[in-house]
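What follows is one structure encoded as structure tokens, with my remarks underneath.
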Amino acid sequence: MLLLVAWGLAGCSSTSAQDSGGPLPPEQAAYDVLNYDLDVTVAPARERIDGEVAVRAVVEDTLGVLVLNLDRRLSVRRAWERGENGEMRRPTERRNGQNELWIELGRSYVPGDTLRARVTYEGRPRVAPNPPWDGGLTWDKTPSGVPWIATSCQTEGADLWWPVKDHPSDEPDSMDLAFTVPDTLVAASNGRLRSVERASDSTKTYRWHVSTPINTYNVALHAAPYVRLDTTYASTSGDAVPVSAYVLPSDSARAARALPGFLDQVRFLEETLGPYPPRTDKYGLAQSPFLGMEHQSLIAYGHDFAPGGLGYDASFDALHFHELAHEWYGNLVTVADWKDFWLHEGTATYLEALYAERLDGNSAYHARMDHARESMSGGQALARTASTTAEEIYHGDVYHRGALVLHTLRYVVGKETLRTVLRRFAYPEGTASQGEVPFRHVTTHDFVQLAETVSGRSLDAFFQVYLYQSGLPVLDTRREKGRLRLAWAGTGSASFEVPVPVRVEGRTKRVTMEGGNGSVAAPAGAEVTVDPKGWVLRRQQL
């Protein structure tokens with residue numbers, strides 16, 4: 001998702017019923033979704049949807065009720081449970097004034113059973129107040145006045161527009177999607193397009209299939225009078241990846257000129273992290289009426305097919321790059337709980353700097369990190385130890401501070417070591433060469449363990465201070481007797497020993513900080529600059 005701070009937004013007005021994640025209720029922990037089959041009819045003139053979702057899940061604990069999530073703006077018509085004798089209608093109930101939908105099952109399921117249920121629903125879904133940061137359905141118009149519709153629901157959850165188990169820990173293994181829209185529109189979504197069916201009532205139904213696991217907040221509908229730009233991308237895996245960009249007719253020429261640059265970004269990320277993850281489906285882009293989102297295999301793109309897009313001077317389309325980077329960090333590897341959300345956003349932001357470095361050299365890399373430092377907010381820990389909702393963690397600066405943690409880690413362990421960590425976290429050793437695409441859930445602990453393994457050093461104190469403390473460390477300095485003495489403070493009980501670069505009379509030395517203390521020769525009158533390039537993340541003293 002996009003940077004909240006960079007656009008001066010104070011925050012969202014979500015209530016607890018419109019906030020994804022948090023502790024998983026035992027009734028939802030008792031099953032794991034295998035497939036959703038979602039079928040939605042869209043009525044733009046009435047800003048209304050009618051839908052049906054079929055759920056197939058494997059039961060992992062004794063279960064007598066199916067609990068899904070659905071925003072209370074949408075009404076449930078009925079629910080069915082499918083058993084040996086066909087489908088039976090089941091009683092449904094809303095509980096606790098929240099968005100939980102309780103469906104009473106006809107029997108008690110035990111671990112290993114397969115549960116199948118179906119829900120039909122209808123209504124006027126929440127209109128996104130400020131997409132994509134504050135999401136829902138966007139009902140817009142193209143410059144020519146034709147309906148332009150898009151979904152966005154990262155922090156609020158997919159239950160804003162369809163019945164779902166709304167928690168990042170459960171991704172369906174696959175999905176089937178069908179969207180019926182007026183025949184003046186094209187409906188773009190995740191996965192591969194299987195068919196387009198025209199009906200006698202002036203509508204078309206677009207049927208899509210997602211062949212890989214997918215975050216439910218990434219399930220997307222984009223509908224507009226799109227034209228489709230098609231080509232093929234030769235992946236580093238050897239696969240020929242279908243490419244489809246859904247753009248407004250008035251922007252098709254600019255989009256066609258921008259597409260090779262977008263695919264160069266794919267190439268860079270493949271070379272850095274491993275093959276493009278949803279390559280069996282497609283690389284997709286849908287022009288959107290809001291700035292952007294990392295919808296899997298269908299990036300929501302609302303920039304102007306030009307460099308920039310994220311508030312800093314870039315020679316490349318940074319908006320597209322950021323959302324594309326999430327295909328690896330966010331979609332391939334996904335946090336099981338929002339408490340580790342920095343792994344998505346901090347890494348995607350840091351990868352922007354690596355691409356800037358590839359294109360324009362070391363100065364461009366540092367300019368991107370300087371922008372992150374200037375934009376960074378403070379006051380909250382970057383990661384948590386307890387289960388957290390998306391809204392709670394989103395305001396902890398998972399973008400800028402997260403990227404700067406990786407920037408400092410690069411200084412500590414070295415550029416190539418960090419690149420190895422980032423690549424192996426996306427594709428564990430052997431998986432890429434064997435053609436595997438390891439879609440999976442990850443935690444901060446997993447990342448720390450890998451970083452320690454690859455670097456061959458303990459990094460517990462580094463991550464404890466930078467991720468789990470609300471405040472940043474402070475570097476105390478003083479000059480005495482011809483030396484500059486340095487000491488880390490504000491690090492709690494951690495043995496924080498991050499080295500510090502110091503430039504004395506034009507020569508930079510890496511000062512080791514054993515026990516949190518270090519010193520370097522600095523004769524009286526010598527010009528001394530601590531950390532001249534801004535490698536080490538710390539709180540600046542006033």
Side-chain angles (χ1 to χ4, degrees), residues 1-14 19-21 130 132-135 154-156 168 291-294 309-312 318-319 321-323 325-326 329-330 335 337-354 366-411 443-444 447-448 462-475 490-492 496 498 534-542:
M1 196 175 181
L2 295 169
L3 281 68
L4 179 124
V5 175
W7 300 97
L9 301 173
C12 304
S13 57
S14 297
D19 194 0
S20 177
N130 188 26
W133 302 278
D134 207 355
Q154 183 172 32
T155 55
E156 299 85 3
L291 201 55
M293 264 295 302
E294 64 264 25
L310 288 182
Y312 67 93
L319 181 279
F321 184 92
H322 183 91
E323 306 305 353
H326 281 309
Y329 276 82
V335 297
D337 191 285
W338 293 114
K339 65 185 177 64
D340 301 310
F341 191 30
W342 78 275
L343 286 168
H344 292 197
E345 299 296 355
T347 310
T349 303
Y350 181 71
L351 286 163
E352 295 169 37
L354 290 187
H366 282 284
R368 177 64 186 98
M369 300 318 300
D370 289 345
H371 175 77
R373 190 176 299 103
E374 293 161 2
S375 304
M376 184 174 59
S377 62
Q380 291 189 33
L382 189 57
R384 310 287 172 82
T385 56
S387 183
T388 306
T389 68
E391 183 67 19
E392 287 173 326
I393 199 67
Y394 192 64
H395 298 285
D397 204 353
V398 291
Y399 296 87
H400 301 301
R401 181 167 169 174
L404 286 163
V405 168
L406 295 175
H407 173 64
T408 300
L409 183 61
R410 169 174 166 166
Y411 179 73
T443 66
T444 295
F447 187 85
V448 173
F462 177 96
F463 286 109
Q464 181 61 40
V465 170
Y466 280 133
L467 297 183
Y468 295 102
Q469 281 193 181
S470 57
L472 293 174
V474 174
L475 184 65
T491 60
F496 191 71
V498 169
W535 278 111
V536 181
L537 178 59
R538 67 188 193 278
R539 179 161 60 88
Q540 301 296 326
Q541 294 175 292
L542 300 178

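Since the model is a prediction, treat every value here as computed from it, not as a measurement.
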Who passes side-chain contact (heavy atoms from CB on, under 4.5 Å) against [X], sequence neighbours left out?
| X | answer |
| --- | --- |
| Ala353 | Tyr365, Arg368, Met369 |
| Gln464 | Tyr468 |
| Arg373 | Asp370, Leu404, His407 |

Among side-chain atoms of Asp340 and Thr443, is any donor-acceptor pair under 3.5 angstrom?
no

Do Glu352 and Tyr312 meet the criterion of a side-chain donor-acceptor pair at a distance under 3.5 Å?
yes

Please enumerate all residues that pass side chain to side chain donor-acceptor pair (under 3.5 Å) together with Thr408, with sequence neighbours excluded.
none

Side chain to side chain donor-acceptor pair (under 3.5 Å) filter on Gln469, not counting sequence neighbours, yields none

Holding to salt bridge (Lys or Arg N to Asp or Glu O under 4.0 Å), I want the full list of residues that pass it with Arg384, two or more places apart in sequence or in another chain.
none

Just one of Val465, Leu472, Val498, Leu475 clears the side chain to side chain contact (heavy atoms under 4.5 Å, CB included) bar with Arg538, so which one?
Leu475

Minimum side-chain heavy-atom gap Val448-Phe462 below 4.5 Å
no

Report yes if some heavy atom in the side chain of His322 is under 4.5 Å from a heavy atom in the side chain of Glu345; otherwise report no.
yes

Ring centers of Trp342, Tyr466 separated by less than 6.0 Å
no

Centres of the Tyr394 and Tyr399 rings: under 6.0 Å?
yes

Any sub-3.5 Å donor-acceptor pair from Asp397's side-chain atoms to Ser377's backbone N or O?
yes

What's the spacing between Thr389 OG1 and Glu156 CD if we round to 0.5 Å?
11.0 Å

